[in-house]
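Step one of this worksheet: look at the structure below.
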Amino acid sequence: MRNEGMKVCICGGGNLGHVVAGFLAAKSDCEVSVLTRRPECWQQQLSITTPDGDTLHGKLQRITASAEEVVKEAEMVLLCLPGFLIKEMLQTIKPFLQPGVAVGSVVSSTGFFFQAFEVMSPETPLFGFQRVPFISRVTEYGKSAALLGYKPSLSISVEHTDSKEPLRQTIEQLFHVPVHLLKNYYEVSLTNSNPILHPSRLYSMWKNWKVGVVYPTQTLFYEEWTDEASGLLIAMDKEFMALLDTLPVTKGCIPTILDYYESHDAASLTRKLRSIQAFMGILSPMKKVKGGFVPDFQSRYFTEDFPYGLQFIKNLAQQQGVQTPTIDEVLKWGTQHILQSSLRERFNPDGSQLRSLQLRMLDILLEIDRICQKHHIRYWLSSGTLIGAMRHGGFIPWDDDLDIEMMREDYLKLMKVLPEELPDWLALQNSDTDPNYFFFYAKIRDKHSRMLENTNYDRMWKEQGIYIDIFPMERHPICLHKLTEKSVGHMYKIWRTSTDDAKSIKQVRRIFDFNDKFVFPILRFLCRMLPGRVITSGMGIPYHNPRFKDEIFPLTTHVFEGHDFPVPCNADAHLRHLYGNYMKLPDLDKLAPHVAKLEMSER
């Protein structure tokens, strides 16, 4: 395979894409083109600074977003992309590749070979690096970058061709460094570098992080490395090495973490990682928020190293029957946070109207919690709010209401103290405070907002601000509760089908008062003679799923939006009785909001 005048296509415009393109254009006798989504931001001359203090100047032949323009003439294609973009790029370039043109990736540990085997023709030569050739950072996008560190030698794997040696020689000439040919793709696809190194550090820093926790500074990733992170890294590396022992790889092809970093224990590994010059100044993946910084679960440290690095290692270990308890723990943690973060970005990002609504409801809940604690009133998070606490550590990202429950005796006590205890910005809404309100449970309303719901039940209510629901719970047979639903069902039908609200509200109120003052007291008297362990919604509330006393009491606490709130003692069993597999997400494309219109002002 010739090197002189070779046409090389670099796919990707990130840190590695900049440095690899600039280095090859400046140092090798080849024509370099760049395939990027942002060609308009690039200039033809690319400047690369080196650790030696030199500056390389590489002239790019073509910069484009069109694969057809550059791939059809390319004699080698090199991907410099994160794992989640590899498959998409392979599918993009495949129609324009000439027969026999090699396709490679500077990063193989994020699933390149596994995805290339699936997408590319068996006649397409494939190659991948065991470790990236350079430590790279963009300094000015499309114009300049810093080559922060070289590797003294490189190792690659080549598949789908018998001409492995000529391809190895070509890469050696292009990168001006000795290149070793490894036995097979496992030896480059599996690595204890970033897919293990990054997650160990991230987990050690943020394993106890909760929504609402803000850090005052942005931590240095390597210079503040800890012995705890080193211990995790060593433990994960041991599991990784146990996997290698089951695979057809050359013994020692991937050195242990301790050998690679010339260390002998956690403390010496920490000292080594803190001292590497090329790592100096690298910050942990965090984003700035009000009051400081929080983890950025959408950074590549998460979105690449967990699903396209550690996950591949876990999958292969599972296939080989290798136990990986430490990897499993770290992977589960990272995967959950990535999912929660992606849901937040989609449904309720910071600053969105929905997030503002949720935070106002949280403020209301904090006031109710304060009052309940002061007066020794028991309550617990319920329904979707409880699911949010258990599954998301806060609001379900698309949820626009908040529910709490309490036994009726606590409910009656709370109704008495609220008028005196509520701050000026909140209002109690029940049948006593609002003559047109006809629900058998209360709402606490924010006076500095106006919210209309899709049901339109609230069209004549005095208070229409953001609210939380407070449901009284009672002990009575489910059959009796269904009877109370029937007794008030006509009331809801009248209001739904009303064409004359002034007339209809009088009918509704008569039905409400009749049930509240006559029917329900009689039924409650009967219930005192029929004690049971089943708890359900208060009479007249159209929800009758049974709750069980031993799953609710004694109450415990769980984190919700960074605060500890009361929840049932066996919340998991409680929710499974009510909803089945509540941990499974619904169809996200079929979600229906409660809120039709929302207006908010500052308090």
> What pair of heavy atoms forms the shortest contact from Lys447 to Leu426, and how long is it?
Replying inline: CE-O, 3.4 Å
> Parallel, tilted or perpendicular: which fits the ring planes of Tyr222 and Trp225, with parallel below 30° and perpendicular above 60°?
Replying inline: parallel
> Does a salt bridge link Glu329 with Lys207, judged by any charged N lying under 4.0 Å from a carboxylate O?
Replying inline: no
> Taking C-beta and beyond as the side chain, do Thr484 and Asn515 meet within less than 4.5 Å on heavy atoms?
Replying inline: no
> Does any non-hydrogen side-chain atom of Val330 lie less than 4.5 Å from one of Leu202?
Replying inline: no
> Going by an N to O cut-off under 4.0 Å, is there a salt bridge joining Lys332 and Asp328?
Replying inline: no
> Are the side chains of Leu591 and Pro586 in touch, meaning some heavy atoms are under 4.5 Å apart?
Replying inline: yes
> Are any of the side-chain heavy atoms of Tyr308 and Ser109 separated by less than 4.5 Å?
Replying inline: no
> With a 6.0 Å cut-off on ring centres, are Phe440 and Phe512 close enough?
Replying inline: yes
> Any donor-acceptor pair under 3.5 Å linking the side chain of Ser284 with the backbone of Thr219?
Replying inline: yes
>> Between the side chains of Lys597 and Glu599, is the shortest nitrogen-to-carboxylate-oxygen separation below 4.0 Å, so that they form an ion pair?
In response: yes
> Of the non-hydrogen atoms in Met491 and Ile511, which two are nearest, and what is the gap between them?
Replying inline: CB-CG2, 3.8 Å
> Do Phe221 and His198 have ring centres separated by under 6.0 Å?
Replying inline: yes
> Which atom names give the shortest non-hydrogen contact between Arg509 and Ser431, and what distance separates them?
Replying inline: NH2-O, 3.0 Å
>> Would you say the ring centers of Phe548 and His577 fall short of 6.0 Å from each other?
In response: yes
> Would you call the rings of Tyr215 and Trp206 parallel, tilted or perpendicular if under 30° counts as parallel and over 60° as perpendicular?
Replying inline: tilted
>> Tell me which one of Arg475, Glu551, His476 satisfies side-chain contact (heavy atoms from CB on, under 4.5 Å) with Ile535.
In response: Arg475
> What are the two closest non-hydrogen atoms of Asp399 and Leu354, and how far apart are they?
Replying inline: O-CD1, 3.5 Å
>> With a 4.0 Å cut-off on N to O distance, would you call Asp350 and Arg344 a salt bridge?
In response: yes
> Can you tell me if Lys413 uses its side chain to pair, donor with acceptor, with the backbone of His375 under 3.5 Å?
Replying inline: yes
> Mind checking whether Ile404 and Phe471 have side chains closer than 4.5 Å, heavy atoms only?
Replying inline: no
>> Is there a side-chain contact between Ile196 and Leu310 in this structure, where contact means two heavy atoms from C-beta onward sitting under 4.5 Å apart?
In response: yes
>> Please check this pair: side chain of Thr324 against backbone of Ile327, looking for a donor-acceptor N/O pair closer than 3.5 Å.
In response: no
> Below 4.5 Å, heavy atoms only, C-beta onward: do Ile466 and Leu598 meet side chain to side chain?
Replying inline: yes
> Hey, are the side chains of Leu585 and Leu339 touching, using non-hydrogen atoms and a 4.5 Å cut-off?
Replying inline: yes
> So, are Arg37 and Glu88 salt-bridged, with charged N and O less than 4.0 Å apart?
Replying inline: yes
>> Tell me the closest heavy-atom pair linking Leu243 and Gln320, and the distance in Å.
In response: CD1-CG, 3.9 Å
>> Whether Arg370 and Asp363 form a salt bridge (side-chain N of Lys/Arg under 4.0 Å from carboxylate O of Asp/Glu) is what I want to check.
In response: no
>> Between Asp227 and Ser230, does the side chain to side chain donor-acceptor pair (under 3.5 Å) criterion hold? Intermediate values first, please.
In response: CA-CA 5 Å; Asp227 288 348; Ser230 292; 5.0 Å; no
Under 3.5 Å, which donor-acceptor pairs do the side chains of residues 385-396 form with other protein atoms, sequence neighbours left out?
| residue | atom | partner | partner atom | Å |
| --- | --- | --- | --- | --- |
| Thr385 | OG1 | Asp403 | N | 2.9 |
| Arg391 | NH1 | Tyr582 | O | 2.5 |
| Arg391 | NH1 | Lys584 | O | 3.4 |
| His392 | ND1 | Gln340 | OE1 | 2.4 |

Would you give me the side-chain donor-acceptor pairs under 3.5 Å for residues 432-439, sequence neighbours excluded?
| residue | atom | partner | partner atom | Å |
| --- | --- | --- | --- | --- |
| Thr433 | OG1 | Leu428 | O | 2.8 |
| Thr433 | OG1 | Asn430 | N | 2.9 |
| Thr433 | OG1 | Asn430 | O | 3.4 |
| Thr433 | OG1 | Asn430 | OD1 | 3.4 |
| Asp434 | OD1 | Asn436 | N | 3.2 |
| Asp434 | OD1 | Lys462 | N | 3.4 |
| Asp434 | OD2 | Gln429 | NE2 | 2.9 |
| Asp434 | OD2 | Lys462 | N | 2.7 |
| Asn436 | ND2 | Met460 | O | 3.0 |
| Tyr437 | OH | Tyr441 | O | 2.7 |

>> Any carboxylate oxygen within less than 4.0 angstrom of a Lys/Arg side-chain nitrogen, looking at Arg524 and Glu474?
In response: yes
>> With a 6.0 Å cut-off on the ring centroids, do Trp209 and Phe297 count as close?
In response: yes
> Would you call Glu561 and Lys210 a salt bridge, using N to O less than 4.0 angstrom?
Replying inline: no
> What's the verdict on side chain to side chain donor-acceptor pair (under 3.5 Å) for Asp305 and Asn194, showing C-alpha distance, side-chain angles and the deciding distance?
Replying inline: CA-CA 7 Å; Asp305 291 325; Asn194 289 357; 4.8 Å; no
> Taking the six-membered ring for Trp, are the ring centroids of Phe553 and Trp380 within less than 6.0 Å of each other?
Replying inline: yes
